[in-house]
Amino acid sequence: AMSFLKRFPPPAEGVRHQQPDTEAVLAGRTPGAGTLYIAESRLSWLENSGVGFSLDYPTISLHAVSRDLNAYPWEHLYVMVNAKFEEEETKEAPMAEGEEEEEDSDDDVEPIAEFRFVPSDKSALEAMFSAMCECQALHPDPDDEDSDNDYEGEEYDVEAHELEQGDIPSFYTYEEGLSHLTAEGQATLERLEGMLAQSVSSQYNMAGVRTEDSIREFEDGMEVDIAPVVAGQFEDAEVDH
Amino acid sequence: MEVSHSVKERTIAENSLVILLQGLHGHVTTVDLRDESTATGRVTNVDAFMNVRLAEVSFTDRQGTVSRLDELFVTGRNVRYVHIPDEVDIRATIERQLQAIHRVRYFGGRDKGRREFPRAKHK
């Protein structure tokens, strides 16, 4: 038995990806089929019976998608953890061949545990990998003394600074900005996107412009009174961003 | 040109050599890990925390066993060394990345728009 398994409820919040029918393999042993939960707080795997284990992102050194069947016979998500997952019976039970921990006697070497999550749906590996990348990025190394990442505190409060600046436009990149939209802003965005979608579908009929193609289309006698475009028409317009 | 969408990450990158690593997108490089294993692959992303994402990787574990990994993500904490490919002009790469960050930051004009963190705090 794998003694580090315990019973706990599946994570309820911040689950970026969930993959049912996934085997978890540690050191060649597998407790069976279960569901992998890639949540923002931790990585959890729960067997269908309700027992499983969790891994904290700070303990995960790396993860990868392995499709090299020479290295391991099934395509899987490989996760390397900086921790020892020992089974209590290790000392009594005979070690199976190939499972000897060569690093046991070497105190300098860090413990590592290698997990392989084998989903029955191999096409899900990309999504699983990406979800893990996102969650991992949420847990930067708190012990990082080398870098001077001290950007917290007063000077960092960009938003407060902007509020003081009245009419100066604030520029958000896409991901940051979406979360700042009010309900009204959201409605405006939807309306604008709707307008864009319409204009794409009738691309030869831009308002105020009559292209060669649109002239052909209107030859059924329906004259549309649109001023023809003159080259340089808008050159003297004041552009104010 | 890959520039982070996060103000904080742009600021961190601008003030550290991570900015050089971020300029390596698309290049094949070797990353030495803390545990003596190495990974050689094409850089697809490096974030401000030096988490490195590689594609089409040849991974050599600490026992010397080589395997191929389609994609690999190494946490910054476990990166010991990133080899800069010979064909990369280091100074030009850093300048290009800084320009990309400044384009995002000064969109409204030098003194308008969002004022990001102007200077790093020095201890």
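Residue numbering restarts at 1 for every chain, and letters A, B, ... go by the order of the sequence lines. As a basis for the values below, the full set of heavy atoms in this structure was taken, side chains included, without hydrogen atoms, waters or symmetry mates.
Contacts between Leu17(B) and chain A at a heavy-atom distance below 4.5 Å are absent for every atom of the residue. Only the side chain of Glu126(A) comes within contact range of chain B, with at least one heavy atom under 4.5 Å from a heavy atom of that chain. Residue contact with chain A, scored on non-hydrogen atoms closer than 4.5 Å, involves the backbone and the side chain of Asp70(B) alike. The part of Arg53(B) that comes within reach of chain A is its side chain, from C-beta onward, which places non-hydrogen atoms under 4.5 angstrom from that chain. Neither the backbone nor the side chain of Leu125(A) has a heavy atom closer than 4.5 Å to any heavy atom of chain B. With a threshold of 4.5 angstrom between heavy atoms, Asn70(A) does not approach chain B through any atom at all.
Per-residue counts of heavy-atom pairs under 4.5 Å with chain B were compared for Met132(A), Arg67(A), Met80(A); the largest is that of Arg67(A).
In summary, Arg116(A) and Glu23(A) do not engage in a salt bridge, as defined by a charged side-chain N under 4.0 Å from a carboxylate O.
With no hydrogens or angles considered, no side-chain donor-acceptor pair links Asp68(A) and Ser66(A) at under 3.5 Å. No side-chain N or O of Asp56(A) forms a donor-acceptor pair with one of Thr59(A) less than 3.5 Å apart.
At distances below 3.5 Å, not a single donor-acceptor pair connects side-chain atoms of Asn51(B) with backbone N or O atoms of Asp47(B). The closest donor-acceptor contact from the side chain of Gln22(B) to the backbone of Val46(B) lies under 3.5 Å.
Between Phe4(A) and Phe115(A), the ring-plane angle classifies as perpendicular under the 30° and 60° cut-offs.
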